[in-house]
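Note sheet for the following structure.
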There are 2 protein chains.
Amino acid sequence: MRILGGKWKASILWHLQAGPTRFNALSRELGGASKKMIAERLKEMEETGLVTRQVVATKPVAVTYELTPFGHSALGILESLHDWCVDHDV
Amino acid sequence: MRILGGKWKASILWHLQAGPTRFNALSRELGGASKKMIAERLKEMEETGLVTRQVVATKPVAVTYELTPFGHSALGILESLHDWCVDHDV
DNA sequence: CTGGATCCCGTAAGATACTG
DNA sequence: CAGTATCTTACGGGATCCAG
């Protein structure tokens, strides 16, 4: 729960499964989440090894986030959770 | 996450799998949790249908909590989560 | 424009005392 | 025994502001 819990980590993982994504792209796709939330959650997820952070020194700077293999495996878990919710009407 | 999240619900489910358990028994087994936490979490879990509450009109009163089938199925999910953590060293 | 830091608030969590 | 009442603290969450 400490790794996957909270309000946004699951959504972030979901949106990252398509491939490396920029900070603001995430911010746009996760409509209801403030940039602070995304930044905090990404930092935690980087520390737990779910995602990697890449800084591209263009101008203006670009920062992309990408799933690690561990992050991909987490998506499998989330899918189990999802199926469980659906099976029990939740 | 809303159903299983928080700090104590998983532990409560785990301790209830042995069968109907009394409030104070839970309180003793979940060392670090105050009675307030347990009471609040149990109330939520009753509302989401994970557990049932049974009042036995002895003197003094006894109250036991028991897993519903839905609660049992949640244990399966938690086990998946646990296995996932173990497999990835967490 | 980009990514992120700061401020403020509400709720969860924790400790303790009290009640039927 | 099984909670409730009350208070304090910690953290998640949201809006806003800052730097490159």
Side-chain angles (χ1 to χ4, degrees), chain A residues 1-16 18-48 50-68 71 74 78 81, chain B residues 1-16 18-48 50-68 71 74 78 81:
Chain A
M1 304 298 311
R2 186 177 48 79
I3 296 172
L4 299 178
K7 194 169 178 179
W8 296 108
K9 282 181 185 169
S11 303
I12 292 175
L13 284 172
W14 181 257
H15 284 282
L16 282 182
T21 311
R22 301 189 51 164
F23 183 89
N24 267 5
L26 281 174
S27 186
R28 260 175 272 112
E29 289 163 24
L30 280 69
S34 69
K35 285 188 281 187
K36 177 201 170 189
M37 306 304 315
I38 300 175
E40 280 180 358
R41 257 14 93 205
L42 282 171
K43 183 176 259 182
E44 291 172 10
M45 292 163 75
E46 197 191 350
E47 283 165 5
T48 56
L50 286 169
V51 303
T52 53
R53 193 181 114 112
Q54 307 261 338
V55 179
V56 184
T58 53
K59 183 173 184 291
V61 186
V63 181
T64 63
Y65 293 87
E66 185 173 10
L67 289 184
T68 63
L78 291 177
L81 267 169
Chain B
M1 305 298 308
R2 186 177 47 77
I3 296 171
L4 299 177
K7 193 168 180 178
W8 296 108
K9 283 181 185 168
S11 303
I12 292 175
L13 283 173
W14 182 257
H15 284 284
L16 283 182
T21 311
R22 303 186 55 160
F23 184 89
N24 268 4
L26 281 174
S27 186
R28 257 175 275 113
E29 290 162 24
L30 279 70
S34 67
K35 284 190 281 186
K36 177 195 166 192
M37 306 303 317
I38 300 175
E40 283 179 358
R41 257 15 90 204
L42 282 172
K43 185 176 261 183
E44 291 173 10
M45 292 163 75
E46 197 191 349
E47 283 166 4
T48 56
L50 286 169
V51 303
T52 52
R53 193 180 113 112
Q54 308 261 338
V55 180
V56 183
T58 53
K59 182 172 185 286
V61 185
V63 181
T64 62
Y65 292 87
E66 186 174 10
L67 290 184
T68 62
L78 291 177
L81 268 169

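Numbered from 1 within each chain, the chains take letters A, B, ... in sequence-line order.
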Value in whole Å for how far the [atom2] atom of [N] lies from [atom1] of [X]:
| X | N | atom1 | atom2 | value |
| --- | --- | --- | --- | --- |
| R2(B) | dT11(C) | CZ | P | 16 Å |
| E46(B) | dA2(D) | CD | C1' | 14 Å |
| L42(B) | dA2(D) | CG | P | 11 Å |
| I38(B) | dA12(C) | CD1 | P | 17 Å |
| E40(A) | dC7(C) | CD | P | 14 Å |
| M37(B) | dT8(D) | CE | C1' | 14 Å |
| Q54(B) | dA2(D) | CD | P | 14 Å |
| E44(B) | dA13(C) | CD | C1' | 12 Å |

_CZ on R22(B) to OG1 on T64(B), rounded to 0.5 Å_ = 8.5 Å

Tell me, do [X] and [Y] make a side-chain contact under 4.5 Å, heavy atoms counted?
| X | Y | result |
| --- | --- | --- |
| W8(B) | L30(B) | yes |
| L50(B) | L16(B) | no |
| M45(A) | Y65(A) | no |

_Derivation and outcome, salt bridge (charged side-chain N to carboxylate O under 4.0 Å, His left out), residues R53(B) and E66(B)_ = CA-CA 7 Å; R53(B) 193 180 113 112; E66(B) 186 174 10; over 6 Å; no

Review item, nucleotides 2-5 of chain C N/O atoms under 3.5 Å of protein N/O:
from   : atom 1 : to     : atom 2 : distance (Å)
dT2(C) : OP2    : N24(A) : ND2    : 2.8
dT2(C) : O5'    : N24(A) : ND2    : 3.4
dT2(C) : O3'    : R22(A) : NH2    : 3.3
dG3(C) : OP1    : V63(A) : N      : 3.3
dG3(C) : OP2    : N24(A) : N      : 3.0
dG3(C) : OP2    : N24(A) : OD1    : 3.1
dG3(C) : OP2    : N24(A) : ND2    : 3.3
dG4(C) : OP1    : R53(A) : NH1    : 2.2
dG4(C) : OP1    : R53(A) : NH2    : 3.4
dG4(C) : OP2    : Y65(A) : OH     : 3.3
dG4(C) : O6     : K35(A) : NZ     : 3.3

*Any ion pair linking K43(A) and E40(A) (charged N to carboxylate O, less than 4.0 Å)?*
no

_Counting only side-chain nitrogens and oxygens, does W8(B) get under 4.0 Å of the OP1 or OP2 atom of dG14(C)?_
yes

